[in-house]
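Structure first, then comments.
Order of the sequence lines fixes the chain letters, A, B, ..., with proteins taken first and strands second; residue numbering starts at 1 for each chain. Since we're looking at a predicted model, the values are computed, not measured. Below, all heavy atoms of this structure are taken into account, side chains as well, without hydrogens, waters or symmetry copies.
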Protein chains: 2
Amino acid sequence: MIYMATRSVAGEKTGLKEIAEAINSPQAFTAKILQNLVKDGLVSSTKGPHGGFCIKRPTAEIFLAEIVASIDGDQLFIGCALGLEKCTEDHPCAVHYKFKAVRDHLTGMLQTTHLEDVSDRVITGLSFLKTGTNKR
Amino acid sequence: MIYMATRSVAGEKTGLKEIAEAINSPQAFTAKILQNLVKDGLVSSTKGPHGGFCIKRPTAEIFLAEIVASIDGDQLFIGCALGLEKCTEDHPCAVHYKFKAVRDHLTGMLQTTHLEDVSDRVITGLSFLKTGTNKR
DNA sequence: ATAAATAAGGATAAAAATATCCTTTAATAT
DNA sequence: ATATTAAAGGATATTTTTATCCTTATTTAT
């Protein structure tokens with residue numbers, strides 16, 4: 001998403017191959033994740049020559065939380081740190097409140113940081129999407 | 001560890017079976033994790049009748065960070081949010097600083113919260129180690 | 001219309017995390 | 001000494017996550 005954001009300024013498409021290379025992620029795997037993002041309406045795709053993927057909405061309106069939820073589901077946001085099925089104010093796990101503070105911080109960050117924030121740093125060369133030797 | 005903390009007041013041993021039941025975790029799997037904690041010096045174990053596991057140091061001196069590191073390794077503390085092999089101030093990933101703030105919060109919490117903090121809440125009935133129907 | 005390019009989707013495979021089983025080792029009690 | 005209890009450790013199995021492969025569907029250019 002960040003790479004596409006650095007590219008889809010005027011609604012230009014970016015091909016799978018290019019995206020996968022840019023983030024040093026296997027093509028087929030990247031394709032599956034893109035399919036998911038398409039299914040969830042964050043990205044549009046077109047087949048055929050000059051086809052590819054494109055972010056649907058303005059990058060300043062897409063927050064990281066949406067992307068994380070689309071790719072990884074909601075466990076990051078609602079799962080219990082100790083793995084309890086039911087972990088609530090009524091029946092909190094032993095680290096519920098300590099953990100809640102951290103999670104609220106994380107959730108808040110993801111809900112207030114939009115793609116533009118992040119992609120701008122890449123465009124200006126302040127940060128990176130790969131190292132040349134990534135782990136995954 | 002939290003369950004043992006609620007039990008090993010005067011250096012009493014707690015058996016594997018009892019621990020596994022208390023936290024609703026499979027016995028054999030719990031045993032592997034306990035082996036690890038023993039190897040890392042957080043827990044002592046004795047075999048034979050009346051054998052079992054016991055936390056080695058005062059619970060007020062064992063911080064959650066140590067336990068997490070023993071069980072899950074250090075990726076939680078040092079891993080890059082975007083999966084870059086090398087993610088540093090010099091070569092930061094696109095969410096490095098945003099993520100760093102959250103991680104510092106998490107790390108800080110784990111490094112300042114000790115077992116006693118957490119087990120006391122269980123002892124006084126304010127929080128719980130299982131629900132009856134856990135996920136894992 | 002046909003060929004070429006490209007994503008979609010289903011089936012499968014590989015790797016990692018989670019979990020189990022069984023044999024061995026050590027401690028205790030008789 | 002022997003039997004019993006309980007953890008240690010190695011091998012294996014299951015599940016989940018990560019990744020690949022191959023066929024199909026769609027779009028564009030000729």
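We find that B:E18 and B:K13 are not joined by a salt bridge, their nearest charged nitrogen and carboxylate oxygen being 4.0 Å or further apart. Ion pairing of B:E21 with B:K130 is absent here, as no side-chain N (NZ or NE/NH1/NH2) approaches a carboxylate O to less than 4.0 Å.
The stretch residues 31-53 of chain A participates, sequence neighbours left out, in these side chain to side chain donor-acceptor pair (under 3.5 Å) pairs: A:D40-A:S70. Applying the ring-ring contact (aromatic ring centres under 6.0 Å, His included) definition to pairs two or more places apart or across chains, those involving residues 102-122 of chain A are A:F63-A:H114, A:H105-B:H105.
For A:L126 against B:P92, the heavy-atom pair with the smallest separation is O-CG, 3.4 Å.
Residue A:K32 places a side-chain atom within donor-acceptor reach of the base of C:dG10, judged by atom type and a 3.5 Å distance cut-off alone.
Here the P atom of nucleotide D:dA8 and the CD1 atom of B:I19 are 10 Å apart, to the nearest Å. One can place CD1 of B:I23 at 11 Å from P of C:dA19, the figure rounded to the nearest angstrom. Protein atom CZ of B:F29 is 18 Å distant from nucleotide atom P of D:dG10, rounded to whole Å. Atoms CD1 (B:I33) and P (D:dA7) sit 15 Å apart, rounded to a whole Å. Separating the CD atom of B:E18 from the P atom of D:dA7 is a distance of 10 Å, rounded to the nearest angstrom. Residue A:D72 contributes atom CG, which lies 12 Å from atom C1' of D:dT18 at whole-angstrom precision. The CG-P distance, from B:N36 to D:dG9, rounds to 11 Å in whole Å. Nucleotide C:dA17 holds its P atom 15 Å from the CD1 atom of B:I71, rounded to whole Å.
No side-chain N or O of A:S119 forms a donor-acceptor pair with one of A:T6 less than 3.5 Å apart.
A donor-acceptor pair under 3.5 Å is formed between the side chain of A:R103 and the backbone N or O of A:G79.
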Pairs under 3.5 Å (N/O, protein and nucleotides 3-7 of chain C):
{"residue": "C:dT6", "atom": "O4'", "partner": "A:G48", "partner atom": "O", "Å": "3.2"}
{"residue": "C:dT6", "atom": "O2", "partner": "A:G48", "partner atom": "N", "Å": "3.4"}
{"residue": "C:dA7", "atom": "OP1", "partner": "A:L16", "partner atom": "N", "Å": "3.0"}
{"residue": "C:dA7", "atom": "O3'", "partner": "A:S45", "partner atom": "OG", "Å": "3.3"}

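A rotation axis mapping the C1' atoms of four pairs onto the next four is fitted at both ends of the helix from C:dA1-D:dT30 to C:dT30-D:dA1 over five pairs, and the angle between these axes is 0° to 10 degrees.
The ring-ring contact (aromatic ring centres under 6.0 Å, His included) search around B:F128 returns A:H91, not counting sequence neighbours. Under the rule for a salt bridge (charged side-chain N to carboxylate O under 4.0 Å, His left out), the partners of B:K100 that lie at least two apart in sequence or sit in another chain are B:D104.
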